[in-house]
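To start, the structure under review is shown below, and the notes come after it.
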2 protein chains.
Amino acid sequence: MVQKESMKPRGRPRQFDRETALDAMREVFWNKGYAATSLDDLCEAAGLNRPSLYNAFGDKGQVFLGVLDAYVAAVRPRYEAAFRAPGNLRQVMKGIFRTAADIYRVMDKDGGRGCLLIGAALTDATRDPHVGEAILTQLQDMEKGFLWLFARAKADGDLPAHADPKTLAKLASSVHTALSVRMRAGEPPESLRAYVEAMIDLICPLPAQASPSV
Amino acid sequence: MVQKESMKPRGRPRQFDRETALDAMREVFWNKGYAATSLDDLCEAAGLNRPSLYNAFGDKGQVFLGVLDAYVAAVRPRYEAAFRAPGNLRQVMKGIFRTAADIYRVMDKDGGRGCLLIGAALTDATRDPHVGEAILTQLQDMEKGFLWLFARAKADGDLPAHADPKTLAKLASSVHTALSVRMRAGEPPESLRAYVEAMIDLICPLPAQASPSV
DNA sequence: TTCTTTTTGTACCATTTTGCACAAAATCCT
DNA sequence: AGGATTTTGTGCAAAATGGTACAAAAAGAA
């Protein structure tokens, strides 16, 4: 049996793509939050009937956690690329927040919904601790990324000698968090841009220079 | 008829106190968010039957907005007192965040739920723009309060001459917002305290001094 | 006392929601 | 070909949900 194992699983093949279904369901959760999203909503978005949905993804709570995991996995490489982008600190910071804005925006609509974890999942952290854990992990990862960025920037001379990368990382992470809240609440894009710009100016007090960093 | 008006309204008197009912329903919404809170939950918390609830507060959405308004009205004087408290900037900042922690904590339980508007209402900003407006108004009011505080602190010598109160106000407001998110997500109290402490240190870079301010 | 008004209590409704049963369809294995 | 396995489709049950009808209760006004 071990050596007779076929590449193809037995049984009827799936008619849907798991990733595509998760992405579609994420959109619904992102707009409505967990509790206001019904199984009918999910089935319609995923293009599946009830038993297929349950069979593939589990019950509603498990679908939600699956969607959160897929979201985190999807945004991670985008943020990593933004943190690692070439340029001086100010340029990289702008790129990071541009990445955030891209992730959070709604197609064909002004404004955005903020981060899925903050705008749509935070309310449910009291219902399921796994949700809270996912949020905290993401916040901590963002803070770590900023810490890495600021330590490098300090070594490159993009930050003053007295700057403390740990504290600045907490600040930048807070700005990133507050951005999602303000966006979800409906603050206009120009206002959000001005907000981010002011916070970047605060974090990067040195004048922009052509960075010789490696 | 005008001069015959009695102080007492006609009809059967109400058997409940409106404020008490709103407070009790706020607790449920604060824990569960809007969509996961049922009419049964609300009736039980308020001690009312369905028609009484509808008669006094309107439908579910109107109850929610009423609860948000009552919350904002209740926390406003507490924050105002904290902003106006005597002491140097660092002391006042500590008092403000202590006030926030007091408002957001859960009785007989470690941790808290964060601000009602952020922890429980933010998800629903996409469903009802009134919710988003309430959140943005509250965020703006907090920022205004910090601006007032920092302008005063600068005049008092509690902030360096080059400090920009407008930018610092945005920063402090962001910290306040992020605090709610982190608390709701389940971050331990000691960790939150360290976070707030670090942010206060960043905002108040001058050594603590006995403030001669009026 | 009767009438009017407001509130409460009981009961109910129509719809929605979550999850499941089971047969048919579509595959691989023997 | 038949059996086993997995997926899909149809249908359903029980519970939950938001909201309403209406009569009784509790008051003020005439």
Side-chain angles (χ1 to χ4, degrees), chain A residues 1-22 24-25 28-29 31-67 120 123-124 127-128 131, chain B residues 1-22 24-25 28-29 31-68 120 123-124 127-128 130-131:
Chain A
M1 184 167 90
V2 172
Q3 57 194 355
K4 281 255 191 176
E5 196 137 324
S6 161
M7 289 301 296
K8 277 192 149 186
R10 290 165 68 173
R12 185 171 167 176
R14 277 189 170 157
Q15 290 185 9
F16 64 92
D17 176 57
R18 184 181 171 87
E19 292 301 315
T20 304
L22 277 173
M25 292 190 285
V28 183
F29 277 130
N31 282 326
K32 294 183 161 196
Y34 175 83
T37 298
S38 67
L39 264 293
D40 279 349
D41 293 333
L42 294 176
C43 291
E44 187 182 346
L48 298 176
N49 286 320
R50 255 333 150 18
S52 304
L53 189 90
Y54 273 91
N55 194 40
F57 299 102
D59 68 17
K60 188 180 175 184
Q62 290 163 330
V63 175
F64 192 58
L65 291 178
V67 161
T123 301
D124 292 273
R127 172 186 57 82
D128 180 355
V131 174
Chain B
M1 185 168 96
V2 172
Q3 57 199 356
K4 283 260 190 177
E5 196 138 325
S6 160
M7 289 301 298
K8 279 190 143 184
R10 292 166 68 176
R12 183 173 168 175
R14 276 188 169 159
Q15 289 183 12
F16 65 93
D17 175 57
R18 183 180 173 87
E19 292 302 313
T20 306
L22 277 173
M25 291 191 284
V28 184
F29 278 130
N31 284 326
K32 296 185 161 194
Y34 175 83
T37 297
S38 67
L39 263 294
D40 279 349
D41 293 333
L42 294 177
C43 291
E44 187 182 347
L48 298 175
N49 286 319
R50 252 337 149 22
S52 304
L53 189 91
Y54 273 89
N55 195 40
F57 299 103
D59 67 17
K60 189 182 176 183
Q62 290 163 330
V63 174
F64 193 57
L65 291 178
V67 161
L68 296 188
T123 302
D124 290 275
R127 171 186 58 80
D128 180 354
H130 292 111
V131 173

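Below, chain A is the first sequence line, B the second, and so on; all start at residue 1.
The distance from atom CZ of A/F57 to atom P of D/dT8 is 10 Å, rounded to the nearest whole Å. Atom pair B/E44:CD and D/dA16:P shows a separation of 13 Å (rounding to whole Å applied). One atom, CZ of B/F16, and another, P of D/dA25, lie 20 Å apart when rounded to the nearest Å.
Between B/G61 and B/Q15, the residue anchored nearer the 5' end of DNA chain D, judged by the nucleotide with its closest heavy atom, is B/G61.
Taking 4.0 angstrom as the limit, B/R10 places none of its side-chain polar atoms (N or O) nearer than this to OP1 or OP2 of D/dA27. Contact annotation: A/N49 side-chain N/O to D/dG9 OP1/OP2 distance is under 4.0 Å. B/S52 has a side-chain polar atom (N or O) that falls below the 4.0 Å cut-off from OP1 or OP2 of C/dT8. Under 4.0 angstrom from either OP1 or OP2 of C/dT7 there lies at least one side-chain N or O belonging to B/N55.
When atom types are taken as modelled, the side chain of A/E44 and the backbone of A/D41 share no donor-acceptor pair closer than 3.5 angstrom. At distances below 3.5 Å, at least one donor-acceptor pair connects side-chain atoms of A/K60 with backbone N or O atoms of A/T37.
With distances taken from any side-chain atom of B/K60 to the nucleotides D/dG19, C/dT18, C/dT8, the minimum falls on D/dG19. You'll find that the side chain of B/R12 is closest to C/dT6, out of C/dT18, C/dT6, D/dG9. Picking from C/dC20, D/dT17, D/dG19 the nucleotide with the shortest atom distance to the side chain of A/P51 gives C/dC20. When each of D/dG18, C/dG19, D/dT8 is scored by its nearest atom to the side-chain atoms of A/R14, the top-ranked nucleotide is D/dT8.
Looking at heavy-atom distances under 4.0 Å, B/D59 makes contact with sugar-phosphate atoms alone, never a base.
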